[in-house]
Amino acid sequence: MSKTLVRFAPSPTGNLHVGNMRTALVNYLYARKVGGDFMLRIDDTDDERSTPEFEASIRHDLQWMGMDWDQEDRQSSRIDRYMAALDQLVQSGRAYKCFETQDELSLKRKSQLAAGRPPVYDRAALKLTAEEIAAKEAAGEKPHYRFMLEDVTVAWNDLVRGDVAVPMSSLSDPVILRADGRVIYTLASVVDDMDHGVTHILRGEDHTTNSAAQIQLFEALGGKAPEMGHFALLAGADGEGLSKRLGSLSIASLREDGILPIAVASLLARIGTSDPVEARQSMGQVIEGFDITRFGRATPRFDPEELKMINSKVIGGLDYTDIASALEALGVGGGDLFWHAVRGNINRIEDAKMWYDIATQPITPQIEAGNVITAAITALPEGEMTAETWGQWTKAIMAATGEKGRAVFMPLRLALTGQSAGPELKGVLPVMGRDRILARLNGEAA
RNA sequence: GACCCGUUCGUCUAGAGGCCUAGGACACUGGCCUUUCACGCCGGCAACACGGGUUCGAAUCCCGUACGGGUCGCCA
């Protein structure tokens with residue numbers, strides 16, 4: 001049994017969104033769970049749409065997510081291999097030249113559709129004689145090549161969908177080389193998977209029929225298809241296909257919204273499975289609980305609100321050492337004490353800055369009538385505000401006023417922060433400082 | 001249009017003929033705890049898309065309908 005190798009094979013024709021990232025993540029987790037290798041393969045055979053910028057962005061997003069890869073390759077560097085494979089298919093009679101133009105083909109499809117028939121290629125090119133082909137080529141017509149499908153039902157045991165059967169009669173012979181000489185992904189991918197020794201192909205169910213054709217391609221090339229797993233695609237929160245609104249769900253936009261990678265991983269690795277979605281603190285935990293057999297066949301909905309909630313939970317469990325540098329970059333002080341006070345009250349790390357500003361920049365206090373504030377002013381301990389100040393102070397206020405609980409607490413919160421809800425004041429007092437506390441208790445905008 | 005897949009609490013799902021007066025998690029919600037909030041603990045609300053059939057018995061099997069997703073590219 002060879003070592004498990006899976007791959008994520010994006011084409012650099014756009015930025016990663018949650019759907020892509022889920023595919024990448026599933027592959028990554030699968031590899032890590034069994035101690036196999038994870039490969040990044042850049043599928044850039046479509047050089048009209050592929051750009052270095054998109055490739056860089058994809059790499060950046062993957063790294064941001066905390067995914068590392070053990071191997072990498074790119075299709076544009078393997079053209080020779082693909083041409084050799086094509087040659088092999090031509091020799092064995094499985095690949096053939098076609099001369100229809102794209103217009104002719106789309107016209108053909110249209111009339112088939114109109115007649116209520118599946119738009120399957122009619123293999124007209126197979127009827128061409130050697131002379132006709134020679135004449136066309138002499139006239140300067142460039143052929144494209146198709147792979148001849150065997151008319152059987154291709155079946156396999158899918159890692160997530162169970163027994164799958166695709167009758168090939170419903171499929172067109174796939175084009176594998178374009179008239180302009182560029183290789184099509186269908187062939188390139190199979191050649192790569194064979195050469196690299198990919199053991200499992202895990203991708204979205206939109207590839208199911210592709211897989212059926214490619215299984216024949218693997219065999220025609222003298223190889224054997226890897227294990228396959230096709231998971232259901234994500235839908236939006238309203239049940240609509242995700243593709244219609246990808247813009248707002250790009251990884252980059254999530255990052256800008258202050259969503260942490262581990263929150264994204266926590267959700268994407270579990271959505272559509274029977275395992276509970278929980279906020280994890282590390283990729284190791286996500287890997288540990290991953291099980292591809294838990295995926296269902298139904299289309300799960302991806303709700304950005306759920307991601308936000310998970311993000312809040314992740315943040316609530318973060319230790320100061322985890323994000324000390326991020327806080328420093330934001331200009332948030334107060335150290336461990338302040339962070340612990342604030343982490344349960346924020347949805348994004350950036351929000352810590354908001355509470356820090358409330359503690360350190362002038363605000364308008366809300367002074368509630370009553371004797372609590374008066375007592376607070378006289379009872380405020382002298383000297384440096386520490387972690388112990390809050391306890392001593394409130395105890396003194398309670399003793400002086402006879403009030404307790406919320407009656408003591410809320411007036412203080414309103415006066416000190418101007419808000420009715422927020423982080424534990426115990427951790428806020430030290431950064432606020434005695435002078436500002438006193439001023440706010442006196443109703444000054446300090 | 002054809003073909004494939006799907007449809008169980010708001011959400012993700014468990015469920016492979018009697019174990020289901022349908023279980024869990026998240027969300028929501030009531031209470032307890034607590035020097036607010038949160039956490040934690042205890043409780044509650046809440047679903048088998050619809051219609052036929054098979055069967056002593058169906059969420060589970062069959063047929064149909066509706067709805068959703070996917071595929072049908074010289075994209076990947």
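In the text below, chain A, chain B and the rest are named by the order of the sequence lines, each starting its count at 1. It should be emphasised that the depicted structure is a prediction, and the values quoted were computed from it without experimental measurement.
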Describe the nucleic acid contact of [X] in one word from base, sugar-phosphate, nothing, applying a heavy-atom distance below 4.0 Å.
X	result
A:Gly316	nothing
A:Gln102	base
A:Asn210	base
A:Glu100	base
A:Pro119	base
A:Arg182	nothing
A:Arg343	nothing
A:Ser11	sugar-phosphate

Distance below 4.0 Å between [X] side-chain N/O and [N] OP1 or OP2:
X	N	answer
A:Thr45	B:A76	yes
A:Arg109	B:C72	no
A:Lys313	B:A27	yes

Exercise. Taking everything shown except A:Glu350 itself, do over 12 heavy atoms lie less than 6.0 Å from its CD?
Worked result: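 Counting neighbours around CD of A:Glu350, more than 12 heavy atoms of other residues, nucleotides or ligands fall under 6.0 Å, so yes.
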For this session: Kindly state whether the ring of A:Trp339 and the ring of A:Tyr356 have centres lying under 6.0 angstrom apart.
Result: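 A:Trp339 vs A:Tyr356: aromatic centres not under 6.0 Å.
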For this session: Answer yes or no: side-chain N or O of A:Arg301 and base N or O of B:U11 forming a donor-acceptor pair under 3.5 Å.
Result: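 Such a pair does not exist between side chain and base.
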For this session: Kindly say whether, by distance alone, the side chain of A:Thr208 makes a donor-acceptor pair under 3.5 Å with the base of B:U71?
Result: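 Counting by modelled atom types and ignoring angles, no donor-acceptor contact under 3.5 Å is found here.
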Exercise. Atom CD1 of A:Ile184 to atom P of B:C75: distance rounded to whole Å?
Worked result: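 The distance from CD1 of A:Ile184 to P of B:C75 comes to 4 Å, rounded to the nearest Å.
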Exercise. Any cation-pi pair here, A:Arg203 with A:Phe231, using under 6.0 Å and within 45°?
Worked result: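 Judged by the rule (NZ or CZ under 6.0 Å from the ring centre, within 45° of its axis), A:Arg203 is not positioned above A:Phe231.
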